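Worksheet: the structure to be examined is printed underneath.
Just so we're clear, the structure is a prediction, and the values are computed from it rather than from any experiment. For the single chain, residues carry numbers from 1 onward in sequence order.
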Amino acid sequence: CAAAMQMRDHMEDLAREIGYPDLRARIGINTGEMVVGNFGSKVRKSLTVLGDNVNLGARLEPTNKEYGTDVLIASETYSQVRDSILAREIDRVRVVGRSTPVTLYEPIAEKSSTLPGEISGFLDGSAEGLRLYRSRQFLEAISAFDRSLQMIPEDGPSQTMRIRATHFAETPPPPDWDGVHSVTVK
């Protein structure tokens with residue numbers, strides 16, 4: 001997670017340096033059992049990782065685009081880094097090929113870092129918006145996301161969740177709605 005955040009921060013510097021403001025690298029991280037080894041034939045081999053946990057990490061990478069984030073980590077990863085990494089919960093999703101929902105987090109910074117004071121209020125507002133959204137209080141969620149966007153107008157997750165809350169305020173979800181978003185990108 002620390003390496004991913006350093007890469008994210010370096011990409012921002014590099015984009016400014018070379019004059020490409022939209023230069024992005026998206027990273028998905030998951031933790032779990034997988035198979036690692038040299039696969040192939042006698043003629044050609046490659047070091048590869050295989051398994052459901054690898055696939056989930058791979059699905060998180062393009063999911064960043066939907067939320068306007070650069071780095072997303074799955075709940076299993078977050079549970080292992082929560083003492084050293086400040087992260088915010090983004091959403092619960094079902095990814096292609098997996099029926100069990102996964103909670104997504106965006107790593108913000110190492111906990112040892114000094115952050116601007118407004119970040120705490122921003123993170124609280126974002127969490128409140130997500131809580132209201134999940135409890136079907138869509139108009140209140142919109143207000144909470146608006147408060148977050150007043151602090152950081154370019155925040156992708158707040159923009160995305162505000163759009164969804166607006167949609168559901170106008171067209172309520174069915175009674176069996178579980179608040180989990182289905183991601184269709186691979």
Side-chain angles (χ1 to χ4, degrees), residues 1-13 24-36 49-135 137 141 144-145 147-149 151-152 154-162 164-165 178-183 185:
C1 290
M5 290 185 298
Q6 289 172 4
M7 289 171 61
R8 173 197 65 204
D9 297 344
H10 182 70
M11 287 300 292
E12 292 171 3
D13 295 339
R24 310 271 308 254
R26 294 183 179 92
I27 301 167
I29 301 174
N30 186 41
T31 301
E33 290 187 17
M34 54 196 70
V35 177
V36 180
V49 290
L50 301 169
D52 184 54
N53 287 306
V54 175
N55 293 340
L56 177 55
R59 298 287 190 262
L60 298 185
E61 182 272 324
T63 302
N64 276 292
K65 193 169 188 177
E66 188 166 334
Y67 292 94
T69 53
D70 296 311
V71 181
L72 286 174
I73 62 175
S75 50
E76 182 59 33
T77 301
Y78 178 64
S79 71
Q80 294 188 27
V81 300
R82 71 180 336 135
D83 293 335
S84 58
I85 300 290
L86 174 65
R88 70 169 166 159
E89 185 176 342
I90 298 296
D91 202 359
R92 288 183 45 79
V93 300
R94 281 186 193 86
V95 297
V96 174
R98 189 178 247 235
S99 59
T100 305
V102 62
T103 303
L104 303 180
Y105 294 86
E106 178 187 27
I108 304 297
E110 293 188 55
K111 284 194 173 176
S112 60
S113 302
T114 303
L115 296 172
E118 69 270 6
I119 290 293
S120 178
F122 166 77
L123 294 174
D124 290 344
S126 177
E128 178 67 3
L130 192 57
R131 184 191 68 75
L132 291 164
Y133 173 83
R134 288 184 179 149
S135 64
Q137 297 176 54
F145 291 127
R147 287 189 299 277
S148 290
L149 289 166
M151 290 180 244
I152 303 179
E154 67 278 2
D155 182 56
S158 293
Q159 292 172 351
T160 298
M161 298 308 291
R162 187 194 187 288
R164 285 196 204 146
D178 60 2
V180 177
H181 177 68
S182 294
V183 176
V185 295

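Nearest heavy atoms, Gly28 versus Leu60: CA-CB, 3.7 Å. The heavy-atom pair separating Arg162 from Leu149 by the smallest distance is CD-CD1, 4.1 Å. Closest of all the heavy-atom pairs between Thr31 and Gln80 is CG2-NE2, 3.4 Å. Between Pro107 and Met5 the shortest heavy-atom distance is CB-SD, 3.6 Å. For the pair Tyr78 and Ala87, the tightest heavy-atom approach, listed with the atom from each and the gap, is CE1-CB, 3.7 Å. Smallest separation of non-hydrogen atoms from Ser135 and Gln137: OG-NE2, 3.0 Å.
No donor-acceptor pair under 3.5 Å is formed between the side chain of Arg94 and the backbone N or O of Ser182. With hydrogens and angles ignored, the 3.5 Å screen pairs a side-chain donor or acceptor of Asn64 with a backbone N or O of Val71. Judged purely by atom type and a 3.5 angstrom limit, Arg8 uses its side chain to pair as donor or acceptor with the backbone of Ile108.
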- For side-chain contact (heavy atoms from CB on, under 4.5 Å), just list the numbers for Val185 and Val96, CA-CA rounded to whole Å, side-chain angles, deciding distance to a tenth of an Å, and then say yes or no. CA-CA 7 Å; Val185 295; Val96 174; over 6 Å; no
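The line from CG of Leu56 to OG1 of Thr77 is 8.0 Å long, rounded to the nearest 0.5 Å. Rounding to the nearest 0.5 Å gives a distance of 7.5 Å between CG of Asn30 and OG of Ser75. Distance CG/Leu132 to CE/Met161: 11.0 Å, rounded to 0.5 Å. Rounded to the nearest 0.5 angstrom, Lys65 NZ and Thr160 OG1 are separated by 12.5 Å. Summarising the geometry, atom CG belonging to Leu104 is positioned 6.5 Å from atom CG belonging to Asp91; distances are rounded to the nearest 0.5 Å. Put simply, CD on Glu66 and CD1 on Ile90 are 12.0 Å apart, with the number rounded to the nearest 0.5 Å.
Relative orientation of the His181 and Tyr67 rings is perpendicular, given thresholds of 30° and 60° on the angle between their planes.
Side-chain contact between Ile27 and Asp70 is absent, with no heavy-atom pair separated by less than 4.5 Å. Between Arg59 and Val183, every side-chain heavy-atom pair lies at or beyond the 4.5 Å cut-off. For the pair Phe122 and Asp155, the minimum side-chain heavy-atom distance is below 4.5 Å. Within the 4.5 Å cutoff, the side chain of Ile152 has no heavy atoms near those of the Ser158 side chain. In this structure the side chain of Ile85 never reaches within 4.5 angstrom of the side chain of Ile73, judged on heavy atoms.
No hydrogens or angles considered: a donor-acceptor pair under 3.5 Å links the side chains of Arg92 and Thr103.
Evaluation of the ring pair (Phe, Tyr, Trp, His ring centres under 6.0 Å) rule for Phe145 yields no partner, not counting sequence neighbours. In this structure, the ring pair (Phe, Tyr, Trp, His ring centres under 6.0 Å) partners of Tyr133, at least two apart in sequence or on a different chain, are Phe138, Trp177.
Residues Lys111 and Asp83 are not paired through a salt bridge, judged by the lack of any N-O separation under 4.0 Å between the basic side chain and the carboxylate.
Residue pairs meeting the salt bridge (Lys or Arg N to Asp or Glu O under 4.0 Å) criterion with at least one partner in residues 96-109, sequence neighbours excluded, are Asp52-Arg98, Arg88-Glu106.
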